[in-house]
Amino acid sequence: MRVLPIGVVLFAAACLPALADSQPDLCETHDWFQLRERVAAGGTSLLCQGAVDASFEKRTEAERELNAVMRELPNSASSYRAHEILGAMYFREGRYKRAAAALDRMLEDRPDAEDAKAVHSLFAVLARYPEMTVASSKPSTLRSEMLERSLFVPVTADGVAGAYIVDSGANLSMMSESEARRLGLKLEETSTKVADISLTGSAVRVAEVADLWIGKTHLKHVAFIVSPDTSMPFADLPEGRRGVLGIPVLLALGSFRLGKENRFEIQPGTPPASAKVVPLAFDGATPVTQMSLNGRTLNYVFDTGADPTYLGPIFAAAYPDLMLAGVKKDRTLKGIGGSTNREAVVLPSARFTLGRVVELMPATVLLKATFPGGDWAAGNLGFDLISQTIPLTIDFRAMQLSVEDR
């Protein structure tokens, strides 16, 4: 991350447009692609400009704009929202001290904010660790493996070899209790609970891997949530495979390519000009992309750790004719804390465009929004569809997917 000297930041902020909070534009939207177009057209608030820059990983610009909002409109609705956006950006980068400071400021303004109170214990523990850093990184090619319908890449954690799941749907990296013991890690307790697609919650414990190697990329001070071995996805995995690489780690890799013959390339070369480009954005710590069906484009959570893909109520509302071809069935959803049954409609198939045509067969549409982002995303796009786009480059620097010709 490029850090500007403070004098440059203050000078740039002084040149920003004047702010007013009488009718704040809080940018409480989850359609970041549409909001980016609005910001580009002009006429939106400085807060919205900062929100869009944060969502598309323009970190220096986001900090400059959102800090200006907080200076000019302290203790306001706009300031609260600016702290929230910056806190989410810092969190997904592994900069937990800054994320915790932003959360504390939010609670100073709104002591009864339930969402902020619920995660305060977790943030406070994470803030006691040194912030995650990239000690070194060079291009490298690894051999991945598929196990229990998940993509694993080899890692070395505190000198111990293993292989962990690549999971863009995980806000934090995770491992099982037995994996933490295998690595000799110290666990820290929190009162925060995490929920997943099953809507069951489980208490969070945290551990730190001091040195994590993935190919020729060396990360220091990587935080992991630690869950019981009986939790999904660890229950059916062998020793050395009970770990998950979440968004902070994947962001630190910058870009990686899922190639043929299980090739996993970190910092790959430039995709060919013929590759189809699909946009990515962040909603908090959740990556979002777009897929098209029958001429209509909707937003989907981009979740390499999920299989199968689940669609949701927004998809059902957008395609009522398709829903008529479905059959009502209950679906059992498994998550970290357990499993639960949910009402669903199962369609024979759905053919999307995600750089190329991909087919979900059958297609499960949940009638209640249970996956994270289900109240604003049309579905949770899992690896069953993502794998159909390989060779695929996931680039968190350019915030895009590149789908190559086969």
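Atoms OG and NZ, on Ser136 and Lys216 in that order, are 11.0 Å from each other to the nearest 0.5 Å. We find the OG1-CG distance between Thr286 and Asn171 to be 5.0 Å, quoted to the nearest 0.5 Å. The line from NZ of Lys276 to OG of Ser402 is 11.0 Å long, rounded to the nearest 0.5 Å. Between the CD atom in Gln290 and the CG atom in Asp31 there is a gap of 7.0 Å [rounded to 0.5 Å]. Of the inter-residue distances, the one linking Gln49 atom CD with Cys27 atom SG reads 9.0 Å to the nearest 0.5 angstrom. Atom CZ of residue Arg296 and atom CE of residue Met291 lie 14.0 Å apart, to the nearest 0.5 angstrom.
For the residue pair Gln267 / Ser137, a side-chain donor-acceptor distance below 3.5 Å is found, with atom types taken as modelled.
The backbone N or O of Ser191 sits less than 3.5 Å from a side-chain atom of Ser121, completing a donor-acceptor pair. Between the side chain of Lys220 and the main chain of Pro130, no donor-acceptor pair closer than 3.5 Å is present. Here the side chain of Thr289 pairs no donor or acceptor atom with the backbone of Phe302 at under 3.5 angstrom. Looking at Ser45, its side chain does come within 3.5 Å of a backbone N or O of Cys48 through a donor-acceptor pair. Remark: the backbone N or O of Arg143 is not paired with any side-chain donor or acceptor of Asn262 at under 3.5 angstrom. Using a distance-only test at 3.5 Å, with no hydrogens or angles considered, no donor-acceptor pair links the side chain of Thr133 to the main chain of Ala135. Proximity of a side-chain donor or acceptor of Tyr319 to a complementary backbone N or O of Leu293 within less than 3.5 Å is detected. With hydrogens and angles ignored, the 3.5 Å screen pairs a side-chain donor or acceptor of Asp158 with a backbone N or O of Ala210. Side-chain atoms of Arg110 never come within 3.5 Å of backbone atoms of Tyr80 as a donor-acceptor pair (strictly under, hydrogens ignored). In this structure, the side chain of Thr156 does not engage the main chain of Ala161 through any donor-acceptor pair within 3.5 Å.
At a threshold of 4.5 Å between non-hydrogen side-chain atoms, the residues Val358 and Thr389 count as touching. In this structure, Val206 and Tyr129 have side chains that are in contact, with non-hydrogen atoms separated by less than 4.5 Å. A 4.5 Å side-chain heavy-atom check between Asp104 and His120 finds at least one atom pair inside the cut-off. Counting only heavy atoms from C-beta outward, the side chains of Gln400 and Pro279 never approach each other to under 4.5 Å. Residues Phe315 and Tyr310 form no side-chain contact, since every pair of their non-hydrogen atoms from C-beta on lies 4.5 Å or further apart. Here the side chains of Phe383 and Leu258 are in contact, with some heavy-atom distance below 4.5 Å. Counting heavy atoms from C-beta outward, Leu245 and Ile214 have side chains that approach closer than 4.5 Å. Using a 4.5 Å heavy-atom threshold, the side chains of Leu122 and Leu172 count as touching.
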Start with the C-alpha distance between Trp376 and Asn299, add both sets of side-chain angles, then the distance that settles side-chain hydrogen bond (donor to acceptor under 3.5 Å, both in side chains), and finish with yes or no.
CA-CA 8 Å; Trp376 50 263; Asn299 299 333; over 6 Å; no
Take Leu311 and Tyr300 through the side chain to side chain contact (heavy atoms under 4.5 Å, CB included) test and state the conclusion after the steps.
CA-CA 9 Å; Leu311 308 173; Tyr300 296 82; 3.9 Å; yes
For side-chain hydrogen bond (donor to acceptor under 3.5 Å, both in side chains), just list the numbers for Thr353 and Ser292, CA-CA rounded to whole Å, side-chain angles, deciding distance to a tenth of an Å, and then say yes or no.
CA-CA 5 Å; Thr353 299; Ser292 299; 5.7 Å; no
Decide yes or no on side chain to side chain contact (heavy atoms under 4.5 Å, CB included) for Leu401 and Val277, but give the supporting numbers first.
CA-CA 6 Å; Leu401 310 174; Val277 174; over 6 Å; no
Step by step, would you call Ser274 with Glu404 a side-chain hydrogen bond (donor to acceptor under 3.5 Å, both in side chains)?
CA-CA 7 Å; Ser274 59; Glu404 301 171 30; over 6 Å; no
For the pair Lys329 and Glu343, evaluate side chain to side chain contact (heavy atoms under 4.5 Å, CB included) and give the outcome as yes or no after the intermediate values.
CA-CA 6 Å; Lys329 291 183 180 179; Glu343 288 185 330; over 6 Å; no
Please determine whether salt bridge (Lys or Arg N to Asp or Glu O under 4.0 Å) holds for the pair Arg81 and Glu28, giving the CA-CA distance in whole Å, both sets of side-chain angles, and the decisive distance to 0.1 Å.
CA-CA 9 Å; Arg81 180 72 175 124; Glu28 292 179 342; 5.0 Å; no
Go through Leu107 and Lys117 one step at a time and tell me if the side chain to side chain contact (heavy atoms under 4.5 Å, CB included) criterion holds.
CA-CA 7 Å; Leu107 286 169; Lys117 287 165 60 178; 3.6 Å; yes
Report the C-alpha distance between Arg242 and Ser178 in whole Å, list the side-chain angles of each, state the deciding distance to 0.1 Å, and finish with yes or no for side-chain hydrogen bond (donor to acceptor under 3.5 Å, both in side chains).
CA-CA 8 Å; Arg242 297 172 188 156; Ser178 64; 2.8 Å; yes
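The ring-ring contact (aromatic ring centres under 6.0 Å, His included) test applied to Phe123 returns Phe91, not counting sequence neighbours.
Taking the ring centroids of Phe282 and Phe396, they lie under the 6.0 Å cut-off.
Shortest non-hydrogen contact noted between Pro348 and Met361 is O-CG, 3.2 Å. For the pair Ala180 and Val226, the tightest heavy-atom approach, listed with the atom from each and the gap, is CB-CG1, 4.2 Å. The heavy-atom pair separating Gly246 from Ser173 by the smallest distance is N-OG, 2.9 Å. Nearest heavy atoms, Gly87 versus Ala102: CA-CB, 3.7 Å. Here the closest heavy-atom approach between residue Pro313 and residue Ala369 is recorded as CG-N, 3.7 Å. The shortest heavy-atom contact between Ala316 and Val365 is CB-CG1, 4.0 Å.
A salt bridge links Glu188 to Arg128: at least one charged side-chain nitrogen sits closer than 4.0 Å to a carboxylate oxygen. The pair Glu93-Arg59 meets the salt-bridge criterion, with a side-chain N (NZ, NE, NH1 or NH2) lying under 4.0 Å from an Asp/Glu carboxylate O. Using a 4.0 Å cut-off between a side-chain N of Lys or Arg and a carboxylate O of Asp or Glu, Arg241 and Glu148 do not qualify as a salt bridge. With respect to the salt-bridge test (charged N to carboxylate O, under 4.0 angstrom), the residues Glu57 and Arg92 qualify. The existence of a salt bridge linking Glu61 and Arg64 is excluded, since no basic side-chain nitrogen approaches an acidic carboxylate oxygen closer than 4.0 Å. We find that Arg351 and Glu359 are joined by a salt bridge, their nearest charged nitrogen and carboxylate oxygen being less than 4.0 Å apart.
Under the 30°/60° scheme for interplanar angles, the aromatic rings of His218 and Trp213 are found to lie parallel.
A cation-pi arrangement is present between Arg98 and Tyr90 under the rule of less than 6.0 angstrom and at most 45 degrees off the ring axis. For the pair Arg257 and Phe264, the cation does not sit on the ring face, since its NZ or CZ is not both under 6.0 Å from the ring centre and inside 45° of the axis.
Other residues, nucleotides and ligands contribute only 12 or fewer heavy atoms inside 6.0 Å of the NZ atom of Lys58. More than 12 heavy atoms of other shown residues, nucleotides or ligands fall within 6.0 angstrom of atom CG in Asp375.
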